[in-house]
Protein chains: 2
Amino acid sequence: MQDMVAPNMNDCVDCPIRHRAVCARCDADELELLEDIKYYRSFTAGQTIMWSGDRMDFVASVVSGVAALTQTMEDGRTQMVGLLLPSDFVGRPGRETATYTVTATSDLVMCCFRRKPFEQMINSTPHIAHRLLEMTLDELDAAREWMLVLGRKTAREKIASLLAIIARRDAVLAKNTDINSLAFDLPLTREAMSDYLGLTLETVSRQISALKKDGVIVLEGKRRINVPDMDRLMDEAGDDSDGGFLS
Amino acid sequence: MQDMVAPNMNDCVDCPIRHRAVCARCDADELELLEDIKYYRSFTAGQTIMWSGDRMDFVASVVSGVAALTQTMEDGRTQMVGLLLPSDFVGRPGRETATYTVTATSDLVMCCFRRKPFEQMINSTPHIAHRLLEMTLDELDAAREWMLVLGRKTAREKIASLLAIIARRDAVLAKNTDINSLAFDLPLTREAMSDYLGLTLETVSRQISALKKDGVIVLEGKRRINVPDMDRLMDEAGDDSDGGFLS
DNA sequence: TGTCATCCTTGACATGGATCAAAGGCGGGG
DNA sequence: CCCCGCCTTTGATCCATGTCAAGGATGACA
């Protein structure tokens, strides 16, 4: 069963607790503990993994692909509140129901851990709990960084900020050291981008066109983006810091 | 020294680990541990407690008053990313420098714990670490709730959301069970509100006037607010949920 | 190869909130 | 008691982004 999806699994195949999700430091005993309670699930782009309010029997880590956490108001306005990239964690130990709707924005593989035994493991192995705290604090910083984007940045700056986040994360995962001049695939539709940025999809489209016209990015098709000058992009994002959404 | 500020201190006087900040379950040993490393600091409205990037030798819990976490862009645009009300915690174990600027928006008393020994204590007492994780997850939920406010709500809804948060928190602290019809003091200037909401202070003022004209709130002076019908206010906030910024 | 669905782009126009400007409270200090 | 500084309110105008509408690309599938 694990072998079926193994090719996409990064380090999860060899050692699940190498997941940023679970523990930074490997240990054979923990590996065994996790082996018993883990399983893999695949989703196709657009599939909803769970709805806000659903009962949640597992916590999970993204192995490959991209998922989104979203909130929706009664009248349909929706806001994405988190973007889950490979190695990101989802689920809250101690909480039985999902707070947010989770959707696969691209084809996706998750490594799930049954919640109850996972919680027990946390309680018995302090350094895993500690690692989880660290990750949660990173996520909190990321969410706060994003509050600045949502509250104070212009549409153009918002787009540039999002592209910078994805570009950097992509570079890290690809072990790409040449951070100047890189290309990547956008794992989001224009609509998903607009939900993330608090914009309409038309505005997203227009601003991407504008950035292209101004030479900040080069489009290859609609989804593949080439950034000739990363510093320039960061500048457009208005970031003095290192850009933030990632820890 | 503690006696000087004791009258405002709520449960902190008798047992510092009763702080939501530190631990939900009292224990004499931990009380003693904390006794050694804690001290109190007072600030006046408008005072900056620390600047983003400052070295931080303590973590702390708000005893009374209100503080704000803010981020500022090079050109001066600022966004508040967290509102610290009594019992809220500030500081990140394991991080030496402050990520955000912390400002007292009203007169304020904090209970500080020296960082190094506090970290040791976390490592040696798992259930305090566990409590800290819980609190961080609550804060993360609050930040995400706020992303919806910043990204998708109108100015009027934003104001109503903020008032609802403060009203509810106030009611809880005052042990006020009559949630319908309550009054409270705004611990924020119009400018601070605008920084929180991603608006200008003029818009904040106009929307407050509008809510007043429409009978949603009654102003007594500029800072005291009376909410005749809490449900109505929640409705204006567009919240289907219970309003969120608080855990 | 054609058709259809989905995603994306672009245009025209409307509008919510920002910006610029002026003046009204209110509290503290001389 | 008056003056001054800060906070707040209100008005006039502008502009970034939303809204509504049409049409263009791309890929899946018959």
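Throughout, protein chains are lettered first and strands after them, A, B, ... in sequence-line order, and every chain is numbered starting at 1. Both backbone and side-chain heavy atoms feed into the values below; hydrogens, waters and symmetry mates do not.
Here D185(A) contributes atom CG and R223(A) contributes atom CZ; the two are 8.5 Å apart, rounded to the nearest 0.5 Å. Note that CE of M73(B) is 5.0 Å distant from NZ of K153(A), once rounded to the nearest 0.5 Å. Separating the CG atom in L84(B) from the CD atom in E139(B) is a distance of 7.5 Å, to the nearest 0.5 Å.
Contact annotation for G46(B): no contact, since no heavy-atom pair falls under 4.0 Å across all strands. Within 4.0 Å (heavy atoms only), R156(B) reaches no atom of the nucleic acid at all. Within the nucleic acid shown, T189(A) comes within 4.0 Å of sugar-phosphate atoms alone, with no base atom in reach, counting heavy atoms only. Backbone-only engagement by L199(B) is indicated by non-hydrogen atom pairs under 4.0 Å involving sugar-phosphate atoms exclusively.
Note: CG (L150(B)) to P (dG16(C)) measures 20 Å, nearest angstrom. Between the C1' atom of dC7(C) and the CG atom of D185(A) lies a distance of 16 Å, rounded to the nearest Å. Atom CG of L197(B) is separated from atom P of dG17(C) by 11 Å (rounded to the nearest Å). We find that CZ of R190(B) is positioned 19 Å from P of dG24(C), with the value rounded to whole Å. Rounded to whole Å, the distance from CZ on R224(B) to P on dT8(D) is 16 Å. Per the geometry, CG belonging to L219(B) stands 20 Å off P belonging to dG24(C), to the nearest Å. One interatomic measurement links the two molecules: CD of E157(B) to P of dG16(C), which rounds to 12 Å at whole-angstrom precision. Atom CG of L186(A) and atom P of dC7(C) are 14 Å apart (whole Å).
Regarding contacts with the backbone of dT17(D), every side-chain N or O of T203(A) stays at 4.0 angstrom or more from both OP1 and OP2.
If you find the closest nucleotide of DNA chain D to T200(A) and to G221(A), the one lying nearer the 5' end belongs to T200(A). Comparing S209(A) and K222(B) against DNA chain C, the residue whose closest nucleotide sits nearer the 5' end is S209(A).
Taking the side chain of Q207(A) as heavy atoms from C-beta on, and the options dT17(D), dT10(C), dC7(C), the nearest nucleotide is dT17(D). Relative to the side chain of A155(A), the nucleotides dT10(D), dT17(D), dT9(C) differ in distance, and dT17(D) lies closest. The listed nucleotides are dT9(C), dA18(C), dT8(D); the one nearest the side chain of L201(A) is dT9(C). In the set dT8(D), dG17(C), dT9(C), the nucleotide with an atom closest to the side chain of S205(A) is dT9(C).
Contact of R206(B) with dG11(D) (side chain to base): a donor-acceptor pair of N or O atoms is detected under 3.5 Å. Looking at E202(A), its side chain comes within 3.5 Å of the base of dC20(D) through a donor and an acceptor atom.
With a 4.5 Å cut-off on side-chain heavy atoms, R144(B) and W146(B) do not count as touching. The closest side-chain heavy-atom distance from T103(A) to I49(A) is not below 4.5 Å.
Using a cut-off of 4.0 Å between Lys/Arg side-chain N and Asp/Glu carboxylate O, R190(B) and D195(B) are scored as not salt-bridged.
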